[in-house]
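What you are looking at is a predicted structure, and each value in this text was computed from that prediction instead of being measured.
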Amino acid sequence: VQLQAYGGGFVQAGGSLRLSCVASGRTFRSYFMGWFRQAPGKEREFVGTINLSGGSIVYANSVKGRFTISRDNAKNTVYLQMNSLKPEDTAVYYCAATGSWNTKRSQDYAYWGQGTQVTVSS
């Protein structure tokens, strides 16, 4: 599966952005999807993951209550709605696909999008 993420941009603290990740192919609904982020000089960080139906979602503590992951299998798309953004949310955000449920390890994700930059100013 090929993934393409978009929707990043520049936003002031407290603002919102919605990222989208579109998958090619007919197997999107067979993959658990995850979002990761990587800030300059830091390791890639798990943001959250969603199960096949979209009924179960796991978030990192750092984004819980502010970010929402959803998916639309008919559109082969997974979303990351980010609210109450903080400067520390500044990073390149990646979507990824895995065959394993509820894994936070980037090495468990076989397919990755190209990343989209999110910059939050204070």
Side-chain angles (χ1 to χ4, degrees):
V1 61
Q2 292 184 323
L3 304 174
Q4 184 171 3
Y6 60 95
F10 185 92
V11 63
Q12 291 188 333
S16 298
L17 279 176
R18 187 175 83 154
L19 307 184
S20 300
C21 174
V22 181
S24 63
R26 301 179 181 178
T27 59
F28 172 75
R29 62 184 67 221
S30 300
Y31 290 97
F32 304 99
M33 298 299 297
W35 286 96
F36 288 78
R37 66 186 182 184
Q38 188 166 18
K42 295 188 177 181
E43 293 187 353
R44 192 165 295 188
E45 176 189 19
F46 170 80
V47 173
T49 185
I50 187 167
N51 74 341
L52 302 182
S53 66
S56 292
I57 307 162
V58 176
Y59 297 100
N61 288 335
S62 57
V63 306
K64 198 174 296 182
R66 300 188 298 121
F67 290 11
T68 302
I69 298 174
S70 61
R71 68 188 294 166
D72 185 338
N73 288 337
K75 295 182 178 180
N76 281 9
T77 303
V78 61
Y79 303 97
L80 178 64
Q81 176 68 45
M82 305 184 292
N83 299 328
S84 302
L85 282 161
K86 305 175 181 180
E88 51 263 43
D89 294 319
T90 295
V92 176
Y93 283 72
Y94 299 88
C95 59
T98 178
S100 303
W101 167 232
N102 198 12
T103 177
K104 302 176 182 179
R105 305 191 317 164
S106 60
Q107 58 264 45
D108 291 336
Y109 289 77
Y111 304 99
W112 291 82
Q114 83 284 7
T116 183
Q117 176 71 47
V118 171
T119 303
V120 185
S121 67
S122 57

L85/Q12 under side-chain contact (heavy atoms from CB on, under 4.5 Å): CA gap, chis, key distance, verdict: CA-CA 8 Å; L85 282 161; Q12 291 188 333; over 6 Å; no
Where do V78 and F28 land on the side-chain contact (heavy atoms from CB on, under 4.5 Å) test, with the steps shown first? CA-CA 10 Å; V78 61; F28 172 75; 4.3 Å; yes
Can you tell me if [X] uses its side chain to pair, donor with acceptor, with the backbone of [Y] under 3.5 Å?
X	Y	result
T49	M33	yes
Q38	A91	no
T90	V120	yes
T98	D108	yes
N51	S56	yes

Can you name the ring-ring contact (aromatic ring centres under 6.0 Å, His included) partners of F36, sequence neighbours left out?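 F36 satisfies ring-ring contact (aromatic ring centres under 6.0 Å, His included) with F46, Y109, W112 once adjacent residues are dropped.
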Within 45° of the axis and under 6.0 Å from the centre of the six-membered ring of Y59, does NZ or CZ of R66 qualify?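 The answer is no, since R66 fails at least one limit relative to Y59.
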Please tell me if the side chains of D72 and Y79 come closer than 4.5 Å, counting only heavy atoms from C-beta onward.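 They are in side-chain contact.
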S121 and F10, any side-chain heavy atoms less than 4.5 Å apart: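 In contact.
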Hydrophobic clustering (ILVMFWY, side-chain heavy atoms < 4.5 Å, transitive) - are [Y] and [X] grouped together?
X	Y	result
L17	I69	yes
V47	V118	yes
Y6	L19	no
F67	V58	no
Y94	M82	no

Looking at Q2, I want to see if its CD is surrounded by more than 12 non-hydrogen atoms of other residues, nucleotides or ligands under 6.0 Å.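 Check fails, neighbour count at 12 or below.
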Shortest non-hydrogen contact between S20 and T77, atoms and distance: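 Of all heavy-atom pairs spanning S20 and T77, the closest is CB-CG2, 4.3 Å.
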Can you give me the closest heavy-atom contact between N83 and S16, atom names plus distance?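 In terms of heavy atoms, the two residues are closest at OD1-OG, 2.9 Å.
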Set out, in order, the CA-CA distance, both residues' side-chain angles and the distance that settles side-chain contact (heavy atoms from CB on, under 4.5 Å) for E45 and S62, then state yes or no. CA-CA 10 Å; E45 176 189 19; S62 57; 3.5 Å; yes
Distance, nearest 0.5 Å, that separates CZ of R71 from SG of C95: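 Going from the CZ atom of R71 to the SG atom of C95 covers 11.0 Å.
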Contacts of type side-chain contact (heavy atoms from CB on, under 4.5 Å), residue Y111, not counting sequence neighbours: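 side-chain contact (heavy atoms from CB on, under 4.5 Å) list for Y111, sorted by chain: V1, L3, Y31, A97.
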Determine whether R37 and D89 satisfy the following criterion, side-chain contact (heavy atoms from CB on, under 4.5 Å), listing intermediate values before the conclusion. CA-CA 9 Å; R37 66 186 182 184; D89 294 319; 2.8 Å; yes
